Amino acid sequence: MLKETFSIANPKGLATPCYYYDIALLRRTLHALKTELDRYGYHEHYAVKANANPRILAEIARTGFGADCVSGGEIQAALKAGFPAGKIVFAGVGKADWEINLGLEHDIACFNVESLAELRVLNQLAAAAGKTARIALRINPDMDAHTHEKITTGKRENKFGINMGLLPGVFDEMAAMRHVRFTGIHFHIGSQITDMFVFGDLCIRANALQDEIEARGLTIESVNFGGGLGIDYHQPDMNPIPDFENFFATFRQLVKQRPGQQIHFELGRAVTAQCGSLISKTLYMKEGEVKKFAVLDAGFTDLIRPAMYGAYHRIENLTGNGKTDVYDVVGPICESSDVFGQDVELHEIRRNDLVAIRSAGAYGEIMASQYNCRPLPNVCFSD
């Protein structure tokens, strides 16, 4: 499917490596997401860390969604793209003073606080600015999301959030703070989760925690369940849009939502991953004694997920036809980890063939680097 759409949109003289974004698919994904959110009156804050390309952000902002930011730079990018400050939430375990002050200056919707130390600093900075910061406490529920160890965030040993056993002390000290206002609780247990039972377990734990907090006389205006919904990396054409229906139905069925309470989510990968592909040109077909290597002009500087996580991405030869062969698809970086896929069956590779690495619209362009003094990848779009 990508082969057909890319051949229509392919600009003359395309400079590779290049991130190619299918804006029509992004819009269909946003429509499907909004339909399911509206069904239950839920709210979405797009996780800017997944993809901060200005055009992508502008498309998402036009839906009326909010933004989930984890740095001051992301707050600035979200504001520039058109996200209202009143729909921006700011998470992150290490918020610098200037980043907190930026959020206070723009009166953002909420700070998702991850430690008592951060809460103290936020109270001090808000007092100095003559403001009161709206906060949610990010809770670490100590649960295994059954995903890759480097993208799980809800276990007790992870750096994120406040452990359950520390909450009483946090609430006791927060009661004396005059420049923060408690509005709710926040969770994010990991990424690329496809097992709905994991989200069901989160709902059950959130219900019990709400009971405990309300017993202290506090009102929970909102519960933010973060993101984490996975996509189909193996069959992107068969499943271009994630299973939003079952995802939100799980929360609707299991969460004990209080009257007037808002339920929030922070989906990122599920929004942008499938609309993006990394397009690369074949430099060489190298024949070894035991392997054939398709050497691309893209490397892990352009897409680091396979090298960092051992992540799978479907790889396709866009300009090849006829018989197939098996290749290790590699990049030019001077590192042995610069491999996109091993033993990949592709239409026979020739020099200058264009190869697509699929489902790269999340944690692709945004994580690109200039290691080896390489330029950042180019970008093109198809409407």
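Keep in mind that what you see is a predicted model, and the values were worked out from it rather than measured. Values reported hereafter were calculated over all heavy atoms of this structure, with side chains retained and with hydrogens, waters and symmetry mates removed.
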Identified side-chain hydrogen bond (donor to acceptor under 3.5 Å, both in side chains) counterpart of His264 within the set His186, His43, His45: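 For His264, the side-chain hydrogen bond (donor to acceptor under 3.5 Å, both in side chains) test succeeds with only one of His186, His43, His45, which is His45.
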Residue from Tyr46, Tyr21, Tyr363 passing side-chain hydrogen bond (donor to acceptor under 3.5 Å, both in side chains) with Asn51: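 It is Tyr21; the other options fail the test.
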Side-chain ion pair, Lys131 and Asp107, N-O less than 4.0 Å: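 Not counted as a salt bridge, because no side-chain N and carboxylate O are separated by less than 4.0 Å.
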Pair Asp343 + Lys291: basic N to acidic O under 4.0 Å: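 Answer for the salt bridge query: yes.
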Ring centroid separation Phe265 to Tyr42 under 6.0 Å: yes
What distance separates [X] [atom1] from [Y] [atom2], expressed to the nearest 0.5 Å?
{"X": "Leu104", "Y": "Thr132", "atom1": "CG", "atom2": "OG1", "value": "9.5 Å"}
{"X": "Glu36", "Y": "Asn246", "atom1": "CD", "atom2": "CG", "value": "9.0 Å"}
{"X": "Gln210", "Y": "Thr219", "atom1": "CD", "atom2": "OG1", "value": "11.0 Å"}
{"X": "Ile279", "Y": "Cys380", "atom1": "CD1", "atom2": "SG", "value": "7.0 Å"}
{"X": "Glu59", "Y": "Thr29", "atom1": "CD", "atom2": "OG1", "value": "11.5 Å"}
{"X": "Ile108", "Y": "Cys69", "atom1": "CD1", "atom2": "SG", "value": "7.5 Å"}

Of the non-hydrogen atoms in [X] and [Y], which two are nearest, and what is the gap between them?
{"X": "Leu376", "Y": "Ser369", "result": "CD2-O, 3.7 Å"}
{"X": "Phe199", "Y": "Leu229", "result": "CZ-N, 4.0 Å"}
{"X": "Phe225", "Y": "Ala206", "result": "CE2-CB, 3.7 Å"}

Do [X] side-chain atoms and [Y] backbone N/O form a donor-acceptor pair below 3.5 Å?
{"X": "Glu266", "Y": "Asn224", "result": "no"}
{"X": "Gln257", "Y": "Gln261", "result": "yes"}
{"X": "Arg134", "Y": "Ala109", "result": "yes"}
{"X": "Asp302", "Y": "Leu278", "result": "no"}
{"X": "Thr282", "Y": "Tyr284", "result": "no"}
{"X": "Asn123", "Y": "His179", "result": "yes"}
{"X": "His188", "Y": "Gly227", "result": "yes"}
{"X": "Glu114", "Y": "Arg138", "result": "no"}
{"X": "Arg350", "Y": "Thr319", "result": "yes"}
{"X": "Asn101", "Y": "Asp97", "result": "yes"}

[X]-[Y] co-clustered via ILVMFWY side chain contacts under 4.5 Å:
{"X": "Leu267", "Y": "Tyr40", "answer": "yes"}
{"X": "Val89", "Y": "Ile135", "answer": "no"}
{"X": "Val113", "Y": "Leu116", "answer": "yes"}
{"X": "Phe65", "Y": "Leu25", "answer": "yes"}
{"X": "Phe293", "Y": "Ile357", "answer": "no"}

Parallel, tilted or perpendicular: rings of Phe251 and Phe247 (30°, 60°):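 Ring orientation of Phe247 relative to Phe251: perpendicular.
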Val48 and Asp68: CA distance, side-chain angles, deciding distance, side chain to side chain contact (heavy atoms under 4.5 Å, CB included) verdict: CA-CA 6 Å; Val48 176; Asp68 161 43; over 6 Å; no
Side-chain contact test, heavy atoms from C-beta onward, threshold under 4.5 Å: evaluate it for [X] versus [Y] and give yes or no.
{"X": "Leu346", "Y": "Asp353", "answer": "no"}
{"X": "Phe90", "Y": "Glu99", "answer": "yes"}
{"X": "His106", "Y": "Leu79", "answer": "yes"}
{"X": "Leu167", "Y": "Ile213", "answer": "no"}
{"X": "Leu30", "Y": "Ile60", "answer": "yes"}
{"X": "Asn372", "Y": "Thr301", "answer": "no"}
{"X": "Val255", "Y": "Val223", "answer": "no"}
{"X": "Glu345", "Y": "Asp325", "answer": "no"}

For [X] and [Y], test the side chains for any donor-to-acceptor distance below 3.5 angstrom and give the result as yes or no.
{"X": "Asp297", "Y": "Ser280", "value": "yes"}
{"X": "Glu221", "Y": "Thr183", "value": "no"}
{"X": "Arg314", "Y": "Ser359", "value": "no"}

Face-on cation placement of Arg39 at Phe248 ring, 6.0 Å and 45° thresholds: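 Not satisfied by the 6.0 Å and 45° rule.
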Face-on cation placement of Lys95 at Phe111 ring, 6.0 Å and 45° thresholds: no
Check against salt bridge (charged side-chain N to carboxylate O under 4.0 Å, His left out), Arg358 and Asp237: CA-CA 10 Å; Arg358 303 290 305 276; Asp237 289 333; 2.9 Å; yes
Test side chain to side chain contact (heavy atoms under 4.5 Å, CB included) applied to Leu102 and Gln76, step by step: CA-CA 9 Å; Leu102 178 67; Gln76 292 167 334; 3.8 Å; yes
Pairs under 3.5 angstrom only: tabulate donor-acceptor contacts from the side chains of residues 330-341 to other protein residues two or more places apart or in another chain.
| from | atom 1 | to | atom 2 | distance (Å) |
| --- | --- | --- | --- | --- |
| Glu335 | OE2 | Tyr371 | OH | 2.5 |
| Asp338 | OD1 | Phe300 | N | 2.7 |
| Asp338 | OD2 | Ile333 | N | 2.7 |

Partners meeting salt bridge (charged side-chain N to carboxylate O under 4.0 Å, His left out) with Asp232 (sequence neighbours left out):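 Not a single residue meets the salt bridge (charged side-chain N to carboxylate O under 4.0 Å, His left out) criterion with Asp232.
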Salt bridge (charged side-chain N to carboxylate O under 4.0 Å, His left out) partner of Asp211, chosen from Arg216, Arg258, Lys256: Arg258
Criterion side chain to side chain contact (heavy atoms under 4.5 Å, CB included) on Ile23 and Arg55, from CA distance to verdict: CA-CA 9 Å; Ile23 298 299; Arg55 181 164 181 192; 4.0 Å; yes
Nonpolar side-chain network containing Ile231, other nodes, edges under 4.5 Å: Tyr233, Tyr312
Test ring pair (Phe, Tyr, Trp, His ring centres under 6.0 Å) applied to Phe182 and Phe171, step by step: CA-CA 9 Å; Phe182 174 75; Phe171 280 118; 5.7 Å; yes
Glu316 vs Leu2, side chain to side chain contact (heavy atoms under 4.5 Å, CB included): CA-CA, chis, key distance, verdict: CA-CA 9 Å; Glu316 300 172 1; Leu2 175 65; 4.2 Å; yes
